[in-house]
Amino acid sequence: MSVSDGNQGNAPIQGESNLHRAISWPQAFWLASGVPALVLFSIGGIAATIGNPSWVIWILSVSFGFLQAFIYAEIAGLFPSKSGGASVYGAAAWVRYSKFLAPLSVWCNWLAWTPVLAIGGGLAAGYILNVFFDPDSAIRSWQITLVNLDFLKEGISLRIDATFLIGAVILFVVFGIQHGGVLRAARFQTIMGLAVVIPLLIVGIVPLLTGDVLAENLTPLKPLAFDGDGNVTEGNWDRAGWTLFLGGLFIAAWSAYAFETAICYTSEFKNPAYDTPRAILFAGGLCIVVYTLVPLSFQGVLGVDGMLQEGIVDGSAVAGAMAGMVGGGSFVFSLMVIMLILALLLAVMTSMAGSSRTLYQGGVDGWLPRYLGRANEHGAPTPAMWTDLGFNLILLLMSDYLFVLAVSNCCYLIFNFLNLNAGWIHRIDSAETPRPWRCPTPLMVVGVILSFVNAVLLGAGANVWGEGTLMSGIIAALLILPVFAFRHYVQDKGKFPKEMLDDLHLSSRDLNVRKAGMKPYIALAAGIVVAIVANQIFYL
């Protein structure tokens, strides 16, 4: 499709189901505006685990994400009729080299994004309980334990409590909003996004202007450590110190790279050639501002002692701490907490919109079960949304959301490695395909280098967040194998759907033409080796 073909009005996409071309890049920007709120998910955990270097970690991580976005903007432009984001566009590069690598990309992206529903709903529920009920009240203490999960990580269980019940209500509310289609969701999130971005900017800017950000809370840039009596002390840049730093970059990536969700809506853009690069790059610019200012002020005000307070690590007290940073009395405090609860709600909406479209396109392209590739009369991928909702109600039962985040981030870094390398694979195999926007070659090289940086973070950083995190993440990623085998060999009899092949401008016979030769296999093998070596070098 040429650039001039991109403007198709509100015509539905042809195929088994219909997503509607109803939005432009500003709507996609606001659909992605929940991403800045993801800083609330792990800012406490990183700060309390790493110490003073945490603000540097956030700046580095969001910079990595922005540099990577240029590759994603290019490959998204190759497929103006696909939804689902970078993983779908990257899968199209890998399918020629392995049927199973392509769905791995889609699956890992979904497993990375979908837990935002459970984690965001759970944190928002926790904030609500903190605002309206005393710590020793019965509603905050009752719990019914369903299953003990100590084999995954000590202390984890599936339980029903007030957090689960309130979180479930939040997820159903978001589902209802999304059910009306992308345009209605975008309009709602445009209004709500302003109410979310503003408090985050206030939290990031006000303490800097009032002088409450203290230099002694930001330096020296040494990792956190504890002496024999459990007292806080300065660590060293030894093996343990660098492992903690890489662990911080590992977990920050889950939030700071996430604005790539802005290109999940390519098949719903009125003019995908024009809208796609602008959506992701403007969303990235917003995240650079928020992910720089908020962690800087958070740590500069609280310091190490404040970051080690109860509730900071698991995130339940982060909203209260941030509200206290801006001052203004009890009214301002309550208002800020409410606005940060709305920020989490917006993050949940962003996740459901993006992750459901990943499932939808996986159903259309033949990676995931066929029922996912349908939409309702409003152009909303309802079966995919129900799948998202059901899966996250199970995750919402878990007692340790930070562990869920860490496991899902293993999948996210696998997705990023595959899709950053998909950029140069597409340039070799699809050189003749028109590119509405082309990533500058130096930035393409930087993106490929960052793919291997992500492999280092995967190998070195995952287990900082719990022994067995890396293995749990790998097992979660490999669950796609039986799912894809069922779809491809049982439902589709070993053939890919016509829609997937049409988007690639080829036939089943052309899938055997591999212009890149052995290079993709070499890159994949190198990434695996880098992750294994990093895992052996860096440990606590």
Requested in this report: Heavy atoms only: give me the nearest A384-S356 pair and the separation to one decimal.
Outcome: CB-O, 3.2 Å
Query raised in the report: Distance-only, no hydrogens or angles: does the Y291 side chain make a donor-acceptor pair with backbone N or O of A252 under 3.5 Å?
Result: no
Requested in this report: Spell out, as yes or no, whether a donor-acceptor pair under 3.5 Å connects the side chain of S451 to the backbone of V448.
Outcome: yes
Query raised in the report: Are the side chain of N416 and the backbone of Y412 linked by a donor-acceptor contact shorter than 3.5 Å?
Result: yes
Requested in this report: Kindly assign one of parallel, tilted or perpendicular to the pair H488 and F496, based on the angle between their ring planes and the thresholds 30° and 60°.
Outcome: tilted
Query raised in the report: So which pairs with a foot in residues 466-478 pass side chain to side chain donor-acceptor pair (under 3.5 Å), sequence neighbours left out?
Result: none
**Report entry** Backbone N/O of P381 and side chain of R357: donor-acceptor pair under 3.5 Å
**Finding:** no
Report task. Check whether any side-chain N or O of Q361 sits under 3.5 Å from a backbone N or O of V88 as a donor-acceptor pair, and report yes or no. Result -> no
Report task. Flag the pair R514 and D429 as a salt bridge only when some basic side-chain nitrogen lies within less than 4.0 angstrom of an acidic carboxylate oxygen. Result -> no
Report task. Sequence neighbours left out, what passes salt bridge (Lys or Arg N to Asp or Glu O under 4.0 Å) with K515? Give chain and number order. Result -> E432
Query raised in the report: Are the side chain of S355 and the backbone N or O of W113 linked by a donor-acceptor pair below 3.5 Å?
Result: no
Report task. Go through the steps to decide whether T387 and Y371 satisfy the test side chain to side chain donor-acceptor pair (under 3.5 Å), and finish with yes or no. Result -> CA-CA 10 Å; T387 302; Y371 82 94; 2.7 Å; yes
Report task. Apply ring-ring contact (aromatic ring centres under 6.0 Å, His included) to F417 and F452, showing your working. Result -> CA-CA 7 Å; F417 178 86; F452 289 94; 5.3 Å; yes
Report task. Verify the distance criterion only: is there a donor paired with an acceptor across the side chains of N454 and Q68 at less than 3.5 Å? Result -> yes
Requested in this report: Establish, yes or no, whether a centroid distance under 6.0 Å links the rings of F175 and W386.
Outcome: yes
Query raised in the report: When you look at OH of Y521, are more than 12 heavy atoms from neighbouring residues, nucleotides or ligands closer to it than 6.0 Å?
Result: yes
Query raised in the report: How would you list, by chain and number, every residue that makes a salt bridge (Lys or Arg N to Asp or Glu O under 4.0 Å) with R427, sequence neighbours excluded?
Result: E74
